[in-house]
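Below, chain A is the first sequence line, B the second, and so on; all start at residue 1.
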2 protein chains.
Amino acid sequence: MEEANPGTVRPGGRTARVRAAVLRAAGDALAEQGFAHLDLADIARRADVGKTTVYRRWGTVTSLVADLLVDMAEQSLPRTETGSLLGDLKANARLVQRTLADPRQGKLFKAVIAAATCDAGTADALHRFYAIRIAEWAPCVRQAIDRGEAPEGTDPHDVIRAVSAPLYYRLLTSADPLDEATADRAAEAAVAATRAGAYRR
Amino acid sequence: MEEANPGTVRPGGRTARVRAAVLRAAGDALAEQGFAHLDLADIARRADVGKTTVYRRWGTVTSLVADLLVDMAEQSLPRTETGSLLGDLKANARLVQRTLADPRQGKLFKAVIAAATCDAGTADALHRFYAIRIAEWAPCVRQAIDRGEAPEGTDPHDVIRAVSAPLYYRLLTSADPLDEATADRAAEAAVAATRAGAYRR
DNA sequence: TCCATAACGGAACTCCGGTTTCGTTAGTGG
DNA sequence: CCACTAACGAAACCGGAGTTCCGTTATGGA
């Protein structure tokens, strides 16, 4: 007789309220202090729940981060459409830039990336989160192919990744500003490379 | 009377031997288990030194990682020259790819990036490490400008960063393979974007 | 070579994050 | 509405990472 994980038999009601409060508290704490010294008892206090509950339901910091990533993936924004590849990729770059440059969101993303380096389950959740984001924006590259703005055989996922990569690299490896010019440059570079066939497979 | 930090009055002899052993042990442990649960007493055991010494000299895990980054920056490889921008950027991309795809080095880089998200001193050391690497390879873009392969006003640092960024993005946000084709594509995309003037300032 | 002391390490100690226990509260289905 | 139990939380407990103490070893300059 396999025992169900806590919170899975009755996922609604109080259980859902506790999850929401704990995930909100976790996001706040991650943004404030990063991943390293995250303390589940502190999360419990912030969420106004018992620390036993947090240990029972999530067990470890990285499991809590993985659950937060699942929640973030469910909440993420749909893409916009501008009618041109450059316009779409600039919109995407600006969205990523605004997120990473936001004091709370930028730190939160750093923290979840750090957590994912330390735990396979969290890494899976992070990979899924980004796969969902990339899949959300990939159609704009397909549309560009249809409009003749990108060569046949261009991999849409590669193009979308090429827009985000310089912004994340900047966030994680330097203290350089993450401004709109940087975002626009990332989009322009991705468009130029796309047109030149660099992402053809 | 300001007290000197341990190891700074007599930095040679036994002090240097202890540092070398501790940094080697730290690199191994970071590669094996990531950053989160790094235990200074374990590092001391691996290095065959007293744990008091590790706490006295480095104090925290992140300070030890920062010192490891200083050491890594001192050890890094000089750039190669191929005579063409594409050749040079491919060489750079391949070097980064080989490093990140290496089982030990890839994990080590993930771990130091994670550590840098958690501590300002470690972040500074990481930023310096990458600034040194980028400065090492920037001359190849300057040479390309001189040869007419890149437009005047191209920012060499932007170009070198554009080569690395997709590889780090792949390492940190997905489980996708980091192969030579990916490295070559990063170089080709950077060259195409450079030629199109995307990195002109 | 000698000496002052920087740097060292073993052992004892502390404290806080993680674990266990068990009575209480909320949810669900008959 | 009621009975069963999933989920909850307070309190007590535990152990290992971090800290302190003090005798030992190695270094560098006179």
Measure from [atom1] on [X] to [atom2] on [N] and round the result to the nearest Å.
{"X": "B:R45", "N": "D:dG18", "atom1": "CZ", "atom2": "P", "value": "12 Å"}
{"X": "A:R56", "N": "C:dC22", "atom1": "CZ", "atom2": "P", "value": "15 Å"}
{"X": "B:L38", "N": "D:dG18", "atom1": "CG", "atom2": "C1'", "value": "14 Å"}
{"X": "B:D48", "N": "C:dG9", "atom1": "CG", "atom2": "P", "value": "8 Å"}

Item to complete: Please tell me which of B:D39 and A:V18 maps to the more 5' nucleotide of DNA chain D, matching each residue to the nucleotide holding its nearest heavy atom.
Response: A:V18
Worksheet item: Hey, are A:K51 and A:D42 close enough for a salt bridge, meaning a charged N less than 4.0 Å from a carboxylate O?
Response: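 Answer for the salt bridge query: no.
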Worksheet entry | Global bending angle along the helix from C:dT1-D:dA30 to C:dG30-D:dC1, which compares the axes of five pairs at either end, to 10 degrees |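 Computed from the C1' atoms at both ends, the axes differ by 50°.
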Fill in: Results of side-chain contact (heavy atoms from CB on, under 4.5 Å) for B:E74 - residues two or more places apart only
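Residues passing side-chain contact (heavy atoms from CB on, under 4.5 Å) with B:E74: B:V70, B:D71.
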Discussion item. Tell me if the CG atom of A:D48 is crowded by more than 12 foreign heavy atoms within 6.0 Å.
Written reply: no
Discussion item. Applying a 4.0 Å non-hydrogen cut-off, can you work out what B:R57 is touching in the nucleic acid: base, sugar-phosphate, or nothing?
Written reply: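 B:R57: backbone/sugar contact only, no base atoms under 4.0 Å.
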Discussion item. Applying a 4.0 Å non-hydrogen cut-off, can you work out what B:T60 is touching in the nucleic acid: base, sugar-phosphate, or nothing?
Written reply: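 No contact.
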Worksheet item: Think B:Y55 has a side-chain N or O under 4.0 angstrom from the OP1 or OP2 of D:dG18?
Response: yes
Worksheet item: Just to confirm, is there a sub-4.0 Å distance from OP1 or OP2 of D:dG9 to any side-chain nitrogen or oxygen of A:T53?
Response: yes
Worksheet item: Of A:R46, A:K107, A:R104, which meets salt bridge (Lys or Arg N to Asp or Glu O under 4.0 Å) against A:E32?
Response: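 It is A:R46, the one option of A:R46, A:K107, A:R104 that forms the salt bridge (Lys or Arg N to Asp or Glu O under 4.0 Å) with A:E32.
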Worksheet item: Does B:K51 make a side-chain donor-acceptor contact with the base of C:dG9, cut-off 3.5 Å?
Response: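 Donor-acceptor pair under 3.5 Å: no.
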Worksheet item: Could you run down nucleotides 24-30 of chain C 5' to 3' and tag each one B, S or - for protein heavy-atom contact under 4.0 Å?
Response: -BBBS--
